[in-house]
Amino acid sequence: MAPDDPTADDSADSADRTTATGAAPATDATTTATRRTLLRRTGAISGALALAGCLGFGGGGDDNGEEDGKESDGETTDAGGDYGGRQPTVTVEDPPNAVFLPTHREAMRVEEPVTAGEFRFVPMLSYPHPFWTIAGSDDAAVERETPEVGRGVHMMITVQDRETGLVVPVDDGIQFRVRSDGERVGSPVSPWAMLSQEMGFHFGDNVGLPGDGTYEVEVTIPPLSVRRTGALAGRGEERVTGTFEFEYDDEFRHQVIDGIDYLERNRRGERGALEPMGAGADGGDGSGESDGDGNAGHASEMDHAHVPYATVPAVDAYAGTRLVGGASAGGAPSAGADGEATAADELPRSDDAPIVAVLFEADADESDLARLAGDENRAQNPAQYLLVSPRTPYNRVPLPDAALTASTERDGELVAEYELEQTLDSEYGHHYGVVVSGTGSDTSDSESSSAIRSGDSVIVSVDSPPQVARHQGYETAFLEMEAVTFEVPDGAEGGDTEN
Amino acid sequence: MTLPDRSALSRRAYVRALVAVGGGAALSACLDVTRDGDDTDPVPSGTDDPDSLPARQHAWNEFSSRDEDGNVQLPAHHALVPVSLASGAGDADADTEAGAAAESDSATAPSEDARRTTETALRTLERAYEWSPEGLVFTLGYTPAYFDRFEGSLPDSVDLPAPEALTAREDPAFDEFDALLHLASDRPDVVLAAEEGLFGDRDELNGTDLETDLTGVFDRHDDRRRTGFVGAGLPASKTDVPGVPESVPEDAPFLMGFRSGFARTQASEDRVTIDAGPFAGGTTQHVSSMDIQLDVWFGQDNHHQRVSKLFSPTHAADELVGEVGDELADTSGVTDDGIASAEAAAREHGVVGHAQKAAQAREDGNPPLLRRDFSTVDGDRPGQHFLALQRGIGEFVRVREAMTGADLDVSSANNGILHYLFVNRRGNYLLPPRSLRALPPAAPNS
Ligand code: HEM
C-alpha cells in the first residue's frame with residue numbers, strides 16, 4: 001500500500017489540503033469548495049451510472065441531490081461496488097484559480113491501438129472518475145460529475161490522424177456502443193471531449209457495466225467539421241468505426257486501483273501539473289512537473305509509451321513574427337510548479353492559460369502563410385495570417401472549443417475585429433486563426449490599411465472559454481478568461497512595404 | 001411473448017410494459033389491472049356516420065383537450081404498427097395488366113377487395129371509439145416503398161422522398177415496409193384493443209361488432225412495432241427501466257424532463273396540410289426513432305446546463321423555464337431575438353439551445369412542423385419516437401438541418417441536445433386524406 005493512500009485515516013491532519021472520505025461510500029459526497037459557486041452544488045448529481053441501480057447493484061450512493069427528491073429504491077449492495085471503495089475519494093479542498101496538482105496519478109489499462117479509416121485510436125480504461133462538465137462560461141455552467149456506483153469503467157480514447165500523427169483535439173460527435181455477447185449494454189454514449197493532465201486531450205465518460213465479463217465497444221468517429229489545413233485538408237471526411245474488446249474483472253480492477261499513485265499531501269492543490277503519461281519512460285521534454293515522489297515504476301507498470309498525447313508546439317517552434325504579450329490580465333504570473341521558469345512563463349496568461357500569438361506574412365513566411373490561409377482564401381491573395389494558440393501551462397495541451405476574437409488597435413483606435421476560426425494545421429496543430437488581409441482587398445500603402453503592422457496592438461478576447469470537460473486539476477482554470485493584449489514588434493511589416 | 005412481471009412493477013409501469021408487449025394476452029392483463037384501477041370509466045363510443053368525421057386523418061387538435069394555456073394535449077399512449085401488404089391482398093388482374101414492371105419487383109398493386117376490407121375495418125374503429133384522445137385517434141400512412149408498386153408516380157404536389165440519413169453522425173435503418181398505423185389514446189387498454197381488433201382474434205370492440213379485420217390485407221412487422229407515452233408523470237413512472245434515472249422530474253411529460261409542443265411553436269393542422277392535387281387534405285409524416293443517453297443528461301448535466309441546451313442560454317440565465325417548463329405558457333419563450341442570436345449565443349455562451357436552433361427554420365414567424373412525438377422505453381431503454389407532420393418532407397429536412405446547426409461555432413456537446421440523441425431509424429410517410437386512406441394508388445383519378 002502506498003504510504004500516502006488516503007483511504008487510510010488521515011483525518012488527524014487538519015492542516016491538510018485534502019479530505020479523505022475513507023473506505024466507506026464509493027461516492028464522493030465531499031464538497032469541493034472553490035470560488036466557483038456551482039461547485040458547491042455538489043448535490044446536483046444523480047449519478048451517471050444510475051443505470052446500475054436498475055441492474056441490481058449500486059444504490060449505496062449518496063443521492064441527496066437537490067434536483068432529486070426521490071430515494072433510490074435500488075438494491076443496496078456493498079457501497080464500494082466492484083472496487084471495494086478503493087477509488088480515490090479525496091478532493092483538493094480549496095484549489096487555486098489555476099491549474100493545480102491533483103491528489104493522485106491515475107492508473108489505467110491501455111488497449112492496443114485500433115485503426116478506423118484514416119484515424120487510429122487508443123482505448124484506455126480506468127475506474128469511474130469524477131470530472132467536470134462545462135456548458136457556458138458562468139458558474140452554473142460547470143457541473144461536477146461524480147460516479148455514483150462502483151461498477152463500470154471510465155472509458156477513454158485518444159484519436160489520431162494516421163498520416164500526420166496529429167491527435168484530434170475536437171469533438172464532432174464520437175459515439176461508443178457497448179455490447180456483451182452481442183447484446184447492447186445501456187444507451188449509446190457520446191463521450192465528452194476532456195482535458196486531463198496525464199492524458200492530455202481525449203474523449204471519455206463513465207460507463208456502467210452490468211457485471212464482470214468481456215465487452216465489445218464499437219467506436220464511431222463522424223466526419224470532422226473543424227477547419228483543416230495543410231496535409232490535414234480533406235482528411236477525415238468519412239464516418240468510420242472501429243471496435244475494441246476488454247475484460248472487466250478483478251484483475252482489471254486491481255490493475256487500475258493498485259497503480260494509483262498518490263501525491264504527497266502537501267503537494268496536492270499546489271500550482272503545477274502532472275507530467276504527461278509516458279513522459280517518464282521516454283524522457284519527455286522536461287516541461288512537465290518533475291515530481292520527485294515515487295513516480296518511478298508508475299509509467300513503466302503499464303505501457304503508456306504508445307499513447308499519443310496532444311501537444312501544441314513550444315512557443316519558439318513557430319516561424320513567423322511572435323507577438324509580444326503585454327501584462328497578463330488573468331492570473332498572477334507563475335513559475336513552473338517546480339520553481340523553474342519555462343518558456344511558457346513568458347507568455348501572457350488568461351485564467352492560467354498561456355496564449356501564443358503569431359503573425360505569418362507573405363514575404364517572410366510564404367509557405368506557412370499559404371498553407372494556413374488554406375485553399376478557400378487563395379483567391380484573395382492572403383497577405384497575413386494571425387494564429388492564436390491558447391494552451392495549458394506546463395504540458396502544452398491545446399484548449400479547443402473556445403470562441404476567440406482578435407481586434408487590432410492602432411494609436412488607440414480600433415482598426416479591425418476578427419472572429420478567429422478553430423483550425424487544425426498539419427504543422428502547427430490546433431489553433432484559432434484568421435486571414436487578416438489580402439492584397440486583393442487592401443492597398444498596401446494606405447494609412448488605414450487593416451493589415452497588422454509593427455506598433456499595432458492585437459487584443460485577443462475570449463468570448464467563451466474552452467467547452468471541454470475537465471479532470472481534476474483543470475476544473476478551476478480556463479473558465480473566466482480575460483482578454484490579453486499583444487504588441488506587434490518591430491520587423492513586422494504588415495501590408496506596408498519597406499518605405 | 002412473455003408478459004411483464006406484475007409483482008415487480010408499479011401499476012403504471014406494468015400497464016406501460018403491457019402496451020409495449022402488445023397482443024391479446026397483454027390486453028386482457030391490461031384490462032384486469034385497469035379494471036381495478038381508476039380507468040373504469042366507459043370509453044366513449046364513436047359514430048355510424050363517417051361523414052361527420054373530419055376529412056383529414058391528422059385532424060386531432062379540435063378533438064383534443066387543451067391545458068390552461070391553450071396547448072393541445074396529445075393522447076397519452078401511442079403505438080406505431082408497421083405493416084406490409086399481405087400476399088393475398090394483391091390484384092391479380094391488375095398484375096397482368098401492369099405487365100413486366102410491376103412483376104419484376106414482385107410487389108403487386110392492392111386489389112379492390114383489400115381496399116374495401118381496409119376501409120371497413122377502419123370504419124369499425126371509428127364506430128367503436130369516439131374520435132378523440134378519450135376514445136381513439138389514428139392515422140394510416142404509406143411509405144415511398146409502398147407507392148413504388150404502382151405504375152404511375154406520386155403527383156408533384158406530394159413531397160415524399162425515400163428516407164435518408166440527415167446528419168453525418170448517424171447511420172439509421174429505414175422504414176421500408178408499406179405502411180404505418182399510428183394508434184393513440186389516453187387509455188392504454190384502448191390502444192391495445194384497437195390493434196387486437198384489427199389484427200387479433202376479437203369479435204367486438206367497446207361493444208361494437210367487428211365485421212372484418214386486416215389480417216388478410218396486411219402482415220405486421222412485430223420487430224418494428226413501436227410504442228410510447230407522453231404526459232406529466234408518465235416518464236417518472238418508468239424508472240424501473242435501466243437507463244431511466246430516478247431523477248426524471250415527477251411532472252415531466254417527456255423523458256428529457258421538460259414540456260414541449262407549445263401552441264405557438266407548433267404548426268397548425270392547416271399549415272401542414274397538402275393543399276393541391278389528388279392528395280389535398282393529406283399531410284406527410286416523418287418518424288425517427290432514437291436512443292437518449294438519459295443517465296448522462298440527468299446525471300452529468302445540471303438543470304442550468306439542461307435548460308441552456310434544450311431552450312437557450314438566456315433561458316437558463318434568466319430562469320425562464322422552471323423545473324419542467326412550468327414557467328412557460330403557450331410558447332417556448334424563444335423570442336425573435338433569441339432566434340437571431342443563435343450564432344452569437346454559440347460564441348458568447350459556448351452553448352446554443354435546441355429550441356433556439358429549431359426555431360430558425362420558421363417561415364414568416366410560423367413553425368412549419370406539427371410535432372406529435374412521444375417518449376419510449378421500447379427495448380427497455382430510454383428513447384424518443386420523433387413524429388412530425390409537415391406539408392412536405394423537404395420542410396422536415398430543412399428544420400432538421402437547422403437543428404444540426406452546422407454553421408454554428410459551438411462544441412458538439414453544447415450544440416443543443418445532439419450529444420444525447422442517437423437516431424436508429426427514419427421513415428417518411430404520406431398520410432392521405434381520409435377518403436384515400438385505404439390503400440391509395442400513387443396517382444388517384446388519373
Ligand atoms: C428527444 C428529442 C427531443 C426533445 C426532448 C425535444 C424537445 C424540445 C423542446 C423542449 C422544445 C421547446 C419547446 C417547444 O417549442 O415545443 C422543442 C422545440 C422544437 N423542436 Fe424539439 N425536441 C426533440 C427532438 C427534436 C427533433 C428530432 C426535431 C426535428 C427537427 C425537433 C424540432 C423542434 C422544433 C421544430 C421545435 C420548435 C421550434 C420553434 O419554436 O419554431 N425536436 N423541442
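Chain letters run A, B, ... following the sequence lines, proteins first and then strands; every chain starts at 1. Computation of the quantities below employed the complete heavy-atom set of this structure, encompassing side-chain atoms and omitting hydrogens, waters and symmetry-equivalent molecules.
For chain A, no part of B:A344 is nearby; none of its heavy atoms comes within less than 4.5 Å. With a 4.5 angstrom heavy-atom cutoff, A:T133 touches chain B via backbone and side-chain atoms both.
Between the side chain of A:R239 and the backbone N or O of B:A168 there is at least one donor-acceptor pair closer than 3.5 Å. In this structure a side-chain-to-backbone donor-acceptor pair under 3.5 Å is present from B:N414 to A:I134. Using a distance-only test at 3.5 Å, with no hydrogens or angles considered, no donor-acceptor pair links the side chain of A:Q467 to the main chain of B:A413.
A:E143 CD to B:H303 NE2: the interatomic distance, rounded to the nearest 0.5 Å, is 12.0 Å. Taking CG of A:D172 as the start and CZ of B:R169 as the end, the distance is 7.5 Å to the nearest 0.5 Å.
For the options B:A406, B:S412, B:G383, heavy-atom pairs under 4.5 Å to chain A are most numerous at B:S412. Highest contact tally toward chain B, considering only A:L404, A:V170, A:I174, is held by A:L404 [criterion: heavy-atom pairs under 4.5 Å]. Of the listed residues A:A135, A:P222, A:P400, the one with more heavy-atom pairs under 4.5 angstrom with chain B than any other is A:A135. The greatest number of non-hydrogen atom pairs below 4.5 Å with chain B, out of A:E421, A:Q175, A:R177, A:Q422, is found for A:Q175. Among B:I292, B:N415, B:D171, B:D380, the residue with the largest count of heavy-atom pairs under 4.5 Å with chain A is B:D171.
Within residues 307-322 of chain B, the residues having any heavy atom closer than 4.5 Å to a heavy atom of chain A are B:K309, listed by residue number.
Using a 4.0 Å cut-off between charged side-chain N and carboxylate O, B:D291 and A:R184 make a salt bridge.
Under 3.5 Å, the side chains of B:Q300 and A:D205 contain a donor-acceptor pair of N or O atoms.
For CD of A:E238, the number of neighbouring non-hydrogen atoms (other residues, nucleotides, ligands) closer than 6.0 Å is 12 at most.
Listed by first and then second residue, the salt bridge (charged side-chain N to carboxylate O under 4.0 Å, His left out) pairs involving residues 402-418 of chain B are B:R347-B:D409 (not counting sequence neighbours).
The two residues A:S464 and B:E348 come nearest to each other via the heavy atoms CB-O, 3.6 Å. In this structure, A:V142 and B:N302 approach most closely via the heavy-atom pair O-ND2, 3.5 Å.
Using cut-offs of 30° and 60° for the angle between ring planes, the B:H419 and A:W192 rings count as tilted.
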